[in-house]
Amino acid sequence: MRIHVRRTGGFAGIERAAEVDTSGRPDAHEWHALAEKAVAAGRGTPPVGVPDGFSYRLTVDGTTVYCSDPRLTEEQRKLISKVLREGA
Amino acid sequence: MTTHGGLEPVFCTVVPPHVLDRLARSDDPALSGPARRTLVRDSELRSRRRVTSEFRLAAAPAAKAPSDQPLRTVYDAGHGTDLPGTKVRGEGEDPGQDATVNRAYAGLGATFEHFLKAYGRHSIDGDGLPLDATVHYDQDYNNAFWNGEQMVFGDGDGEIFVDFTSSIDVIGHELTHGVTQYTANLTYYGQPGALNESMSDVFGALIKQYTLSQTAAEADWLIGAELLAPSVTGQALRSMKAPGTAYDDDVLGKDPQPATMDDYVRTGRDNGGVHINSGIPNHAFYLAATALGGFAWEKAGQIWYDVLTGGELTEKAFFTDFAKLTVKAARERFGDGGEEFQAVEKAWERVGVRIL
C-alpha cells in the first residue's frame, strides 16, 4: 500500500509531501488499518478550513481525500504525522 | 458537504454564480470543491451576513462603552489537540514560569492596545471580546492559526521553526484574522483570501512597530523574523519590503511570494495561494507607508483600517476593489489635495494593481 500525504497552507504557506510504501514492512498491518480509517473520514473535495490552518491531501493506492486542521479525526492526525515523519 | 460548526468563520463566494457553476464541474478538486461548497452555502451565508450587519448597525449607538482593558485568557493544550485546553493565566494574573504563556499573554495585550490606541477599536470585535489563546498545541507543531474563536500556537519542531509565540507580529497576525472576520470577512480563498492574509500581515507588522516605536523607515517589514530555527537560511517567513526574498533554504525552499501582479501565482493549493499572492498587497502597503514616512500606523495603517472596517469592502473583493477603496479612504481621511492619496495610488500602480 502506498500512502501519500501532501500538506499545504499554514501560517508559513510552505508545502510538504511524503510517501510511505508499506509493502514488506513488519508494521504494514497497522498502517493499513490507520490509512483505511483516515481515508474513510476524508472528503472528496478540499475543505476551506480556518485561517492559517493546514490543509491535507491523502492518497492511498490511488484514492484521494482531503481534510483540514483543526478538524481531523485521531486516525487522520496520526497517519499524517507518521507519514510526514517517516515517509520519503 | 460537511457540517460547519459555530467555530468557523464565514466564507463566501468569490466569483459570479455562472463561474462557480463551471468551477463546480471542474475535474480539479481544488477548484470544484470550494465552488460546490460555495454554491450550496450561499443562501445560508447571505442570511448570516445580514444578521451581522444589522447587529453592527444596532450595536454602535446602543451598547454601553466596552472596557479599555483587555480580557485575556491563555490556555495550555499540553501537546494535545483538544481546544481550548487547561487555563493557565487569566487577566491580571502574575506571569508564571512558562515563557510561552507569558509571550502569548503579552502579545494579546500589545495587539489589544494597538487597535485601541491607534484606531479606537475595543478588541477584535470592536466590542470588548475576550481574547483567548491556546499554546503548546500538538507535538512539534509547525503552525499557528485562528479557529474562528481563538488563537492556537504550536511549539515548532525546533528544526525549522521555533515556538510560534516568538514573533509578536505572528500573534498580531492571528488576532487580525479575528478583526477581519468581524468586519469585511474576506473569503479565505483566492484574491479575497490573499487580501485577508495581507490584512493580518499589515496589522501584525504595525503591532510590532507600535510596540517598538519604530517609524516606517526603521522597521524591518519582516513577518516571523524570530520564528526560523537557527539552521534555516533566511531572515523571516515573509518580507513586505521585498516579497520573495525572506528565505532560500535547502529544506524550506525559496520564498514564493510575488511583489507585483506580473508574477501573480495561479494555484489551487494553499486556498488558492492566499499566503503567496498576499505579497502583492503587502508590498503596496509597504510602498505607501514608506513614501508617507513617520509611524506607519498613523497614515497608511489608518487608511487600510478605514477600508477594512468601513463597510464597503465586500467579502469577495479582489485586489483592484481593495485598491480603489484605499484611494477613496485616503481622500476622505486626509483630503483631496494631500500627499496621502497620491502615495496610495502610486503604491498600487507600482505593484501593477490597476484602479479602475
| message | Which atoms of A:R57 are under 4.5 Å from chain B, going by heavy atoms: the side chain, the backbone, both sets, or neither? | response |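 The answer is neither part of A:R57.
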| Is chain B contacted by the side chain of A:R16, its backbone, both, or neither, given a heavy-atom distance below 4.5 Å? |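 Neither part.
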| field | B:I280 side chain near B:P243 side chain, heavy-atom distance below 4.5 Å | value |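 Answer no - side chains too far apart.
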Check whether [X] gets within reach of chain A through its side chain, its backbone, both or neither, counting any heavy atom under 4.5 Å.
X: B:D138; answer: side chain
X: B:L252; answer: both
X: B:I160; answer: neither
X: B:Q139; answer: neither

| said: So, applying side-chain contact (heavy atoms from CB on, under 4.5 Å) with B:P84, which one of B:D76, B:T134, B:V152 is it? | reply: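 When B:D76, B:T134, B:V152 are each tested with B:P84, the side-chain contact (heavy atoms from CB on, under 4.5 Å) holds only for B:T134.
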| message | For B:V170 versus B:G224, what's the shortest heavy-atom pair and its separation? | response |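 Closest pair (atom of B:V170, atom of B:G224, distance): CG2-CA, 4.0 Å.
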| Geometric cation-pi criterion, B:R238 with A:F11: 6.0 Å, 45° |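 Checked: cation-pi criterion met.
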| message | Between B:F145 and B:Y137 (judged by ring centroids, cut-off 6.0 Å), do the two rings come close enough to count as a pair? | response |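 Aromatic pair counts; centres sit under 6.0 Å.
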| Is the closest side-chain donor-acceptor distance between B:S167 and B:E226 under 3.5 Å? |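 Yes, a side-chain donor-acceptor pair sits under 3.5 Å.
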| Who wins among B:D157, B:D255, B:N271, B:T180 for the most heavy-atom pairs under 4.5 Å with chain A? |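 The option with the most such pairs is B:N271.
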